[in-house]
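FYI, side chains are in, hydrogens and waters are out, and symmetry mates aren't considered; it's all heavy atoms of this structure.
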Amino acid sequence: MHNFKVFSLTSLLILMIGLSCPGIQAQALNLPDNGSNYKCMAGRSIGLTDIEIRWNAPGVKGREGKIWGDLVYYGFSILGYGSNVESPWRAGADENTTISFSTDVSINGKNIAAGKYGFFIAVYPDSCILIFNKNAEAWGSYFYNKDLDVLRVSTRQIKGLPENTERLEFVFTNQTNNSIDVALKWEHWQIPFKVEVDLQKTVLTSIRKQLSSALGFDPPSLEAGANWCLTNNINFEEALNWINSATNPNLGGVRTFRALNTHAGLLRKTGRQEEADKMMAEAVELGGPIDLHQYGRQLISQKKYNEAMALFEKNFSKHKGVWPTHVGMMRGYSALGNLKKALEHAKIALAQAPSPDDKKNMEGLVKTLESGSLLQQ
């Protein structure tokens, strides 16, 4: 019993000393907050660019007409704590509102590098200044430092929206392949800005990065990268190097119609027409009925009608009239102005149609030819 008391007192003394030691810090218990400002996150991807916004959303709570210029002060204000300098609104409540971009983008036409930023807004009666700051970990505007601003860009708010947005939110609209509109909405205001990406640059950068890893030894990946360059009319010489590797049997490559078609296309882009023709002749020998049909359509779009007809005939003969070789014959004869033969093959193709959508499409083409009109190519 005596030993137990000594142990207990000793242990208590050690614990007290430990708590008083500056090197040992107490951990704050993680509990939910009172929920007055909702923790929110929203994001969107444009191509390979990810955009993410995190914020704490305050509510209007009956303060309509008292938000802008009152609760949200105009311009910059000295908040009396932290940095104690003129500071913009934190575009939300509590901790920093943050916005991150996984690639370089532009905001309202001004460039900003990939990264995570503290997001602030200097609000004025008829305009706003959007501020992107290196410090993304601060508590609101209290520790704002203008020297860490990386971009300031102007925008004009939309006021007097009919519906009240009770909780501050960020919304994404009008997305295209390389841009999106982002807006902060609260009460009856909306503060918009446009984010744009250089899609070709970001995708090509990503392809190069991926093909410098283990994927650089994977023929399908090399082929996909080369085909993307051909389709987007960019980076031909490097793409040729990729497709050379992708089709080299000594490197595990397989010579397929699709790969050789890409190879031939890149050779044409670099002025090597004779090599391209030879490559395409090999590809045609490897092509299936759909491969050759699509290539024939491509030749028609280039107004190479005789070449297209010769290819459709080869496809028809090689694959014994299976779908869609009659469709190809129809298009070839139509391109050459032979409506009678085009209609003959169209009716056979209609009977072969493998799906309801194909049948509906063929019915429309048959009606066009029956009316005496050539098909649009």
Test side chain to side chain contact (heavy atoms under 4.5 Å, CB included) on Phe257 and Ile290 and set out the steps.
CA-CA 11 Å; Phe257 173 87; Ile290 293 178; over 6 Å; no

Classify the ring geometry of [X] against [Y]: parallel below 30°, tilted from 30° to 60°, perpendicular beyond 60°.
X      : Y      : answer
Tyr117 : Phe101 : tilted
Trp189 : Tyr74  : parallel
His326 : Phe316 : perpendicular

Under 3.5 Å, is there a donor on one side chain and an acceptor on the other for [X] and [Y]?
X      : Y      : answer
Ser106 : Asn111 : no
Thr205 : Thr202 : no
Ser245 : Asn248 : no
Lys269 : Asn233 : yes
Asn56  : Arg90  : no

Please say yes or no: joined through hydrophobic side-chain contacts below 4.5 Å, possibly via intermediate residues, are [X] and [Y] part of one cluster?
X      : Y      : answer
Leu199 : Leu230 : no
Trp186 : Ile121 : yes
Ile180 : Ile99  : yes
Phe170 : Val105 : yes
Tyr295 : Met309 : no

Answer whether the closest heavy-atom distance between the side chains of [X] and [Y] falls below 4.5 Å.
X      : Y      : answer
Cys229 : Trp242 : yes
Glu64  : Asn164 : yes
Ser77  : Leu79  : yes
Ile51  : Phe172 : yes

Decide, yes or no, whether a salt bridge links [X] with [Y] under the criterion of side-chain N to carboxylate O below 4.0 Å.
X      : Y      : result
Asp126 : Lys159 : yes
Arg44  : Glu52  : no
Glu237 : Arg272 : yes
Glu187 : Arg63  : no
Lys360 : Glu363 : no

How long is the span from the [atom1] atom in [X] to the [atom2] atom in [Y], to the nearest 0.5 Å?
X      : Y      : atom1 : atom2 : answer
Ser334 : Leu374 : OG    : CG    : 4.5 Å
Leu311 : Ile300 : CG    : CD1   : 9.5 Å
Glu238 : Ile243 : CD    : CD1   : 13.0 Å
Ile67  : His188 : CD1   : NE2   : 9.5 Å
Arg156 : Ser127 : CZ    : OG    : 6.0 Å
Phe120 : Phe132 : CZ    : CZ    : 11.5 Å

Give a yes or no answer on whether the side chain of [X] reaches the backbone of [Y] with a donor-acceptor pair at less than 3.5 Å.
X      : Y      : value
Glu166 : Lys61  : yes
Asn96  : Asn135 : yes
Asn178 : Glu196 : no
Ser87  : Val85  : yes
Thr368 : Gly364 : yes
Ser141 : Tyr144 : no
Thr155 : Cys128 : no
Asn227 : Glu223 : no
Asn232 : Trp228 : yes
Asp149 : Leu151 : no

For a side chain to side chain contact (heavy atoms under 4.5 Å, CB included) check, start with the C-alpha distance between Leu375 and Met330, then their side-chain angles and the critical distance, and finish with the verdict.
CA-CA 9 Å; Leu375 301 178; Met330 171 198 72; 3.7 Å; yes

Steps toward salt bridge (charged side-chain N to carboxylate O under 4.0 Å, His left out) verdict (Lys39, Glu95)
CA-CA 10 Å; Lys39 291 184 178 295; Glu95 301 101 324; 3.3 Å; yes

Is it the case that atom [atom1] in [X] sees more than 12 heavy atoms from other parts of the structure closer than 6.0 Å?
X      : atom1 : result
Lys278 : NZ    : no
Glu274 : CD    : no
Asn177 : CG    : no
Lys359 : NZ    : no

Carefully, step by step, assess Thr247 and Leu260 under the rule side chain to side chain contact (heavy atoms under 4.5 Å, CB included).
CA-CA 8 Å; Thr247 56; Leu260 296 181; 4.2 Å; yes

Worked check of side chain to side chain contact (heavy atoms under 4.5 Å, CB included) between Leu292 and Thr325
CA-CA 9 Å; Leu292 298 185; Thr325 60; over 6 Å; no

May I ask you to check whether Phe193 and Phe119 place their ring centers less than 6.0 Å from one another?
yes

Step through it carefully: locate the ring centre of Trp68, locate the ring centre of Trp89, and say whether they are under 6.0 Å apart.
yes

What are the two closest non-hydrogen atoms of Leu222 and Gly216, and how far apart are they?
CD1-O, 3.5 Å

Please name the residue in the list Leu339, Leu365, Leu343 that meets the side-chain contact (heavy atoms from CB on, under 4.5 Å) test with Glu370.
Leu343

Of the options Met279, Met280, Glu275, which is the one that meets Arg268 in a side-chain contact (heavy atoms from CB on, under 4.5 Å)?
Met280

side-chain hydrogen bond (donor to acceptor under 3.5 Å, both in side chains): which pairs involve residues 280-291, sequence neighbours left out?
Arg255-Glu282, Glu285-Lys314

Decide yes or no on side-chain hydrogen bond (donor to acceptor under 3.5 Å, both in side chains) for Gln210 and Ser206, but give the supporting numbers first.
CA-CA 6 Å; Gln210 292 178 73; Ser206 176; 2.9 Å; yes

Any cation-pi pair here, Arg167 with Tyr38, using under 6.0 Å and within 45°?
yes

